[in-house]
Each structure stands twice: as structure tokens, then as C-alpha cells.
Amino acid sequence: MAAKIIDGKQIAADIRVEIKQEVEKLRQRGIVPGLGVILVGDDPASQSYVTAKERTCEEMGIYSDDNRLPEDVTQQELMALVEKMNNDPKINGILVQLPLPKHLNEAEVLLAIDPDKDVDGFHPMNIGKMVAGEKAFMPCTPHGIIHLLKRSGVKIEGAEVVVVGRSTIVGKPIANMLIQKNDSGNATVTVCHTRTKNLADHTRRADIIIAAAGRPNTITADMVKEGVVVIDVGVNRVEDATKKRGYRLAGDVDFEAVKEKASLITPVPGGVGPMTISMLMFNTMESAKAAAKAKA
Ligand code: NAP
């Protein structure tokens, strides 16, 4: 069976159309969602992520307050800016682009963000609420994965899901979302990592595999069953002399071989990646709605 490709670009674009419409409705009520963005230093990858986020805000009609700070900014200065945004009614979401330079205390900065403006969903308060099954900001990449599955008609309830990776930003939250007793959950989830004894023993019985290891070819065709749904979160640079820049982007899955056995599969790029920014916009819009409701 050759798999149907899950078109993340299209699904992300559909979500953006919906967000834009919602933002327009809010604008008619005098509410403009706002995102405060903080980028420290000049790492090219972080700069291009932040530029993409700012561009998407503009497209959506979301106000964006961009703050690009020098590499040598102090912890105090950074904390003061977070505090200013916490108190700014025009800002509904605060995004601190990670990783921060080594001299800064990342955990302290994330903890300082008002949980009601934590649109990245990294504050312990939101993580705790998510685990408890309460309403919370969902971290953007795993939330995007849930949308990819649901909008592709994948039945999550009762499915055997194997998550490869246990990071705080992908593996742990997606596993948690999928075990919740709600219409995005009710799956039976196994989480694998580098100490898992035989990864293939787990992946072979999976109805859905979520690969977030950050290593190319972690999932090969012999490790999956016929008809599996594969979500490839990995973004890896693989040397490729045929490319001008000397490399190409690849996921964690041997895409060409696995797609012959899978029923549905995400490509890299063009799968999970485009969803992340859409979900950030979604969280910012939801935050603006909640703030307006609290004020009314
Ligand atoms: P991470 O923090 O490096 O975590 C990787 C996880 O995978 C770890 O838990 C590690 O296990 C596990 N792992 C690594 N190699 C493995 C193997 N051979 N077998 C089983 N488990 C293995 O990475 P991350 O931040 O979660 O990101 C994962 C990938 O997703 C990266 O390629 C990243 O670039 C990509 N990503 C993409 C997006 C997007 O928007 N598309 C967003 C976030 C991340 P241990 O815990 O035992 O070390």
C-alpha cells in the first residue's frame, strides 16, 4: 500500500484561514490579539523562526511587539521586559525564542511569564493543567500533531500509539495529550527513548507512530506494520552534495521506504513544521478571547 501524504502545509493554511476569520470578528468588537516576541542574540535559525512568526502575525491581523535583544543582555533586563509584557494589556501572548544564550537562566525566564499569556505552553502551570486534563495552553508542536491526525480523519480513540522521544517540548506533551479522556485522546500510548530495549518491538505493533528523536532513519520500513499512520516530527540536516547549500532536510523516518507500508505519512519538510506557527497564532487568539471575557 502506498501511503497518502498528510499535507501539513495545506492543513496549516486551512487553520490560518479560520484564525484570520476569528481575529476579524474580534476586531469588530474592538479586540486586537497581540503577541510579544523576544529574541536574544543573532542565531540565524532563531532569527528565521521569529521572522516567520512575525510575518504570520501580520497576515492574521495579530499585533506583534518585536523585541530583538543583544547577545549580552542581562538576566535582569530580560526579566524586566517579560514583566513589562505581563502588564501590557495589548499583549495576550509572550514568546521567548529558545534556546537562550548560555549565561541566561531559561527556566527562570519561562517561570516569569504570566501563565495566562504563556502561548508556548511551557510554563509549569500550563504543563500541570494539561497533565491534569484541565483547560490550558497546549504546546504548539504537539497541539499541531493532534490537528494533523484529526483533520486527516485518523481515529485516535483506542489506537496503539508509539511516541519515539521524551522531550519536554514534543515527546512528553504529545504522549500526555493522547492519553487524556477526551476526543483528542483515549489512545494507548507507549513512550520510547534511548534506553528502550528494542524499539522495533514497540513500533511494529503501533497503529500510529510519532517520531521525535531528532535522528534520521530512526524508523525504517522493517520497524512498522502495514497501514500504520506515521507523524514525523524530526528536522535533521543530512549532507547532500547535489544541493547548493550542501545538505537537505530529513525527518526521523525513512520516508521513501516507510510510505510504501503506511496508510498516512507526513513529509519533512511540509508536515508537522508548518503547524507549529499556526497553533501559536491559535493560542494567541484564544488568549485574547479569554482576556476580553475576563474584562467583561
Ligand atoms: P530532543 O530534546 O533531542 O529529544 C529527543 C528524544 O528522542 C530524546 O528523548 C531521546 O531519548 C530520544 N531519542 C533519540 N534518539 C533515539 C533513538 N535512536 N531511539 C529512541 N529514542 C531516541 O529533541 P526534541 O526537541 O524533542 O526534537 C525532536 C526532533 O523534532 C528534532 O529533530 C527537532 O528538530 C524536531 N522538532 C520539530 C519541530 C517542528 O515544528 N517541526 C518542533 C520541535 C522539534 P533520551 O531522552 O533517552 O535522550
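Counting convention: from 1, in listed order, for ligands and their atoms alike. Since the model is a prediction, treat every value here as computed from it, not as a measurement. Note that the numbering runs from 1 along the sequence shown for the chain. All values below were derived from every heavy atom in this structure, side-chain atoms included, with hydrogens, water molecules and symmetry-related copies excluded.
Among all heavy-atom pairs drawn from C57 and M281, the shortest one is SG-CE, 3.7 Å. Taking every heavy atom of both residues into account, K117 and I91 meet most closely at NZ-O, 2.9 Å. Heavy-atom minimum distance, V131 versus Q180: O-NE2, 3.2 Å. The shortest heavy-atom contact between D240 and T242 is OD1-OG1, 2.6 Å.
Residue contacts with ligand 1: T218 is placed with no nitrogen or oxygen under 3.5 Å of a nitrogen or oxygen of the ligand (distance criterion only). Not a single N or O atom of L199, backbone or side chain, sits closer than 3.5 Å to an N or O atom of ligand 1.
Shown here is R237, whose CZ atom has no more than 12 heavy atoms of other residues, nucleotides or ligands within 6.0 Å. Taking a 6.0 Å sphere around OH of Y49, one finds it holds 12 or fewer heavy atoms contributed by other residues, nucleotides or ligands. No more than 12 heavy atoms of other residues, nucleotides or ligands shown are found within 6.0 angstrom of CE on M125.
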CA sep, side-chain torsions, deciding dist, call: D120, L280, side chain to side chain contact (heavy atoms under 4.5 Å, CB included): CA-CA 7 Å; D120 253 341; L280 179 73; 4.0 Å; yes
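If you check which protein heavy atom lies closest to atom 25 (O) of ligand 1, you get I169 CD1, 3.5 Å. The protein heavy atom nearest to atom 10 (C) of ligand 1 is T194 CG2, 4.0 Å. Protein heavy atom closest to atom 8 (C) of ligand 1, with residue, atom name and distance, is R166 N, 3.9 Å. Of all protein heavy atoms, the one lying nearest to atom 2 (O) of ligand 1 is S167 CB, 3.4 Å. For atom 12 (C) of ligand 1, the closest heavy atom belonging to the protein is G165 CA, 3.8 Å. The closest protein non-hydrogen atom to atom 33 (C) of ligand 1 is V235 N, 4.2 Å. If you check which protein heavy atom lies closest to atom 39 (C) of ligand 1, you get T276 OG1, 3.9 Å. Counting protein heavy atoms only, atom 14 (C) of ligand 1 is closest to A213 O, 3.4 Å.
Heavy atoms of V164 found under 4.0 angstrom from ligand 1 belong exclusively to the side chain. The parts of H193 lying near ligand 1 are both backbone and side chain, judged by heavy-atom distances below 4.0 Å. Residue-level proximity to ligand 1 for V233 is carried by backbone and side chain together, each with a heavy atom below 4.0 angstrom.
Ion pairing between D207 and K155 fails under the 4.0 Å rule for side-chain N and carboxylate O. Look at R55 and E58 and you find no salt bridge, because none of the NZ, NE, NH1 or NH2 atoms lies under 4.0 Å from a carboxylate O. Between E54 and R68 there is a salt bridge, with a side-chain nitrogen of the basic residue lying less than 4.0 Å from a carboxylate oxygen of the acidic one.
Less than 4.0 angstrom separates some heavy atom of R215 from each of these atoms of ligand 1: 18 (N). Close approach to G273 involves these atoms of ligand 1, each under 4.0 Å from a residue heavy atom: 40 (O), 41 (N). Remark: ligand 1 atoms within the under-4.0 Å shell around heavy atoms of N236 are 32 (O). Within ligand 1, the atoms closer than 4.0 Å to a non-hydrogen atom of A212 are 5 (C), 6 (C), 7 (O), 28 (C), numbered from 1 in the order shown. The contact set between ligand 1 and G214, taken as ligand atoms under 4.0 Å from a residue heavy atom, comprises 28 (C), 29 (C), 31 (C), 32 (O). If you number the atoms of ligand 1 from 1 as listed, the ones under 4.0 Å from a heavy atom of V170 come out as 26 (O), 43 (C), 44 (C).
Residue contacts with ligand 1 do not include T196, since none of its heavy atoms lies under 4.0 Å from the ligand.
Summarising the geometry, atom CD1 belonging to I15 is positioned 13.0 Å from atom CD1 belonging to I277; distances are rounded to the nearest 0.5 Å.
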